[in-house]
Amino acid sequence: SLVIRGEKDEHAVLCSKDKTYDMKIADTSNMLLFVPGCKTPEELNADPASCNIIHPQIAGFSKNYWELRRCRPKLKKLRKLLMEDPYEGPDSQKDQTSTFSKYTTEDLLNLIQASEEEILHQLQVIDACKIEGYWRILDFDYEMKLLNHVTQLIDSESWPLSKVPLGVCLEELGTLEPREMIEHILLSYGRKYTDDAGEVFFEMREDKICRAIARMLLQNAVKFNLSDFEAVWQQSVPEGMTTRLDQLQGLALVDKNSRPETIFLLKVEDLPEDNQERFNSLFGIQQKWTEVDITPYIQDLCAEKQTVGALLTKYARSSTLNGVKVYNSRRPIS
Amino acid sequence: SSGTGALAQWVLVELQGEVEPRQSGDLAGSLLGDLHYTQEGVPVLIVGHHILYGKVVQLEKPFAVLVKQGGAPQPSPTEPQSHYTVTALIKTKLLFKTRPKPIITHVPKKV
């Protein structure tokens, strides 16, 4: 079955179990009659015995119909709703007195213009978890606190990063934080597996951990001197992990025009969802972009078979600067 | 889809202009006309005293016929949400876009 989703101020979309489609009404000056019992010449030829007079009924008629075009699910709203009340931990006073809405799966299905599978997948991507039946996103500081517990434990136990035992983590850290939260942070920042003996371990995800720590460092400053940042960042990550700038795609941007070079936080999820608005926003932040720099910030705009190149051709104008191909806005940005 | 076996296949008949009932009655329950196919498979529609020739067209983008299920006529936050179920698919249409020709069955001979 299909579901049409949208609030009064949104354009309607039609959702199947796993896809989302923009809906447009198309008008025709012709009359369209639908005839359930009608047979085509092919069908009649195939069955000569049935060539008698048939009396099909016209089920109805119409002069317009809906045209569907597959579109990106509109998932920005999902994060927005869950960010209304991020989970700050069991000790937080906020939860008890909170008057903000909390959302169940059913609530989200009614509010988000996307198919069920696309919504559930996105919940996984943003590391949301279900607490008391409601989907919650962790407050970043609380998330880092949880991560820190785990990385400290890994360090003190001298475990290899690829073999962190779930059982011991729950035992040792279960007194500090809820067990579900310990497991959740391990699932978010590690890959779960079971060894031959049936024990559960996590292979920690180096890139994701380094990225989270970078975010923690960058969010407290407008910008950072790049070389200072790289030094502090490397020192802040767990023993055995190596930081690399490419871990920060879609999270931070290096300003290559400043002397010395600086780096600042720029999260793709904070940018507009609409294509034109996204490009306007990016060109407002920086006039000229190389393809390498802009790609992480427009990758998610690509439709089913669209490439980044195609988007750039449509929404940007290219030129060459010092032998390098750069893109800028097609129109003046105020 | 309903999942209980293959979907019904309907046929679309596309006409130019409007269809009006002969007398001032309703369209519902009235006979539209007679549909024939020639030996070559050309659809021929006789409506009233007009004859229309058409052609069988395989639709590039098939239609799905949706039937609304459940829910109140006016959606409200407390009522269960309505769903649309795909009842039938339309992959073929009979397109009649030539001008209807009047059928003259009796030409009186000049005396």
Side-chain angles (χ1 to χ4, degrees), chain A residues 1-8 12-17 19 21 23-24 26 28-48 50-70 101 106-111 115-116, chain B residues 1-3 8-20 27-45 47 55-58 61 63-71 75 77 80-97:
Chain A
S1 60
L2 306 170
V3 178
I4 297 179
R5 298 200 159 111
E7 296 198 83
K8 287 206 184 93
V13 298
L14 185 114
C15 301
S16 64
K17 190 159 199 313
K19 295 187 178 74
Y21 301 84
M23 294 178 73
K24 292 196 200 309
T28 166
S29 56
N30 293 350
M31 252 187 116
L32 306 172
L33 308 168
F34 341 119
V35 194
C38 188
K39 296 222 183 290
T40 61
E42 262 176 38
E43 289 165 332
L44 290 170
N45 283 337
D47 184 16
S50 78
C51 284
N52 275 315
I53 298 178
I54 317 171
H55 299 274
Q57 291 207 351
I58 299 170
F61 65 89
S62 181
K63 295 204 79 167
N64 51 45
Y65 55 91
W66 289 330
E67 219 175 70
L68 301 179
R69 193 183 307 173
R70 177 102 191 260
S101 309
E106 205 54 47
D107 294 330
L108 294 176
L109 285 173
N110 283 333
L111 292 166
S115 68
E116 184 168 350
Chain B
S1 75
S2 58
Q9 302 260 3
W10 292 7
V11 170
L12 197 68
V13 175
E14 187 169 342
L15 303 174
Q16 274 193 335
E18 301 267 343
V19 174
E20 277 177 4
L27 282 176
S30 306
L31 176 72
L32 171 72
D34 294 331
L35 175 66
H36 304 262
Y37 293 109
T38 66
Q39 292 271 38
E40 295 82 33
V42 174
V44 180
L45 187 64
V47 179
K55 63 175 182 171
V56 178
V57 176
Q58 297 305 323
K61 281 195 193 176
F63 280 104
V65 181
L66 307 179
V67 174
K68 197 168 177 179
Q69 318 239 311
Q81 300 297 312
S82 46
H83 294 262
Y84 287 82
T85 308
V86 180
T87 301
L89 285 184
I90 302 178
K91 295 187 180 167
T92 315
K93 74 176 177 186
L94 306 179
L95 175 60
F96 294 93
K97 60 178 187 181

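The shown structure was predicted, so the numbers you read here are calculated from the model rather than taken from an experiment. Proteins come first, then strands; the chains are lettered A, B, ... in the order of their sequence lines, and each starts at number 1.
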Enter the distance from Leu33(A):CG to Leu32(B):CG here, rounded to the nearest 0.5 Å.
-> 6.5 Å
Check whether Leu31(B) gets within reach of chain A through its side chain, its backbone, both or neither, counting any heavy atom under 4.5 Å.
-> neither
Turns out that what part of Ile58(A) lies under 4.5 Å from chain B's heavy atoms comes down to side chain
Take atom NZ in Lys63(A); do more than 12 heavy atoms of anything else shown fall under 6.0 Å from it?
-> yes
Apply side-chain contact (heavy atoms from CB on, under 4.5 Å) to the pair Thr92(B) and Cys38(A), showing each step before the final yes or no.
-> CA-CA 10 Å; Thr92(B) 315; Cys38(A) 188; over 6 Å; no
Let me know if Ser29(A) has heavy atoms under 4.5 Å from chain B in its side chain, its backbone, both or neither.
-> backbone
Hey, could you give me the CD1/CG distance between Ile90(B) and Leu32(A), rounded to the nearest 0.5 Å?
-> 8.5 Å
Mind checking the NZ-CZ spacing from Lys61(B) to Arg69(A)? Nearest 0.5 Å is all I need.
-> 7.0 Å
In this structure, are over 12 heavy atoms from other groups packed under 6.0 Å from Glu7(A) atom CD?
-> yes
The ring pair (Phe, Tyr, Trp, His ring centres under 6.0 Å) partner of Phe63(B) among Trp66(A), Phe34(A), Tyr65(A) is Tyr65(A)
How many angstroms lie between OG1 in Thr40(A) and NZ in Lys93(B), if you round to the nearest 0.5 Å?
-> 15.5 Å
Chain A contact via Glu40(B) - which portion, at a heavy-atom distance below 4.5 Å = neither
Reported OG1-to-CD distance for the pair Thr28(A) and Gln16(B), which is rounded to 0.5 angstrom = 9.0 Å
List the atom of Gly41(B), the atom of Pro41(A), and the distance in Å for their closest heavy-atom pair.
-> O-CG, 3.4 Å
Give a yes or no on this: more than 12 heavy atoms of other residues, nucleotides or ligands lie within 6.0 Å of atom OH of Tyr37(B).
-> yes
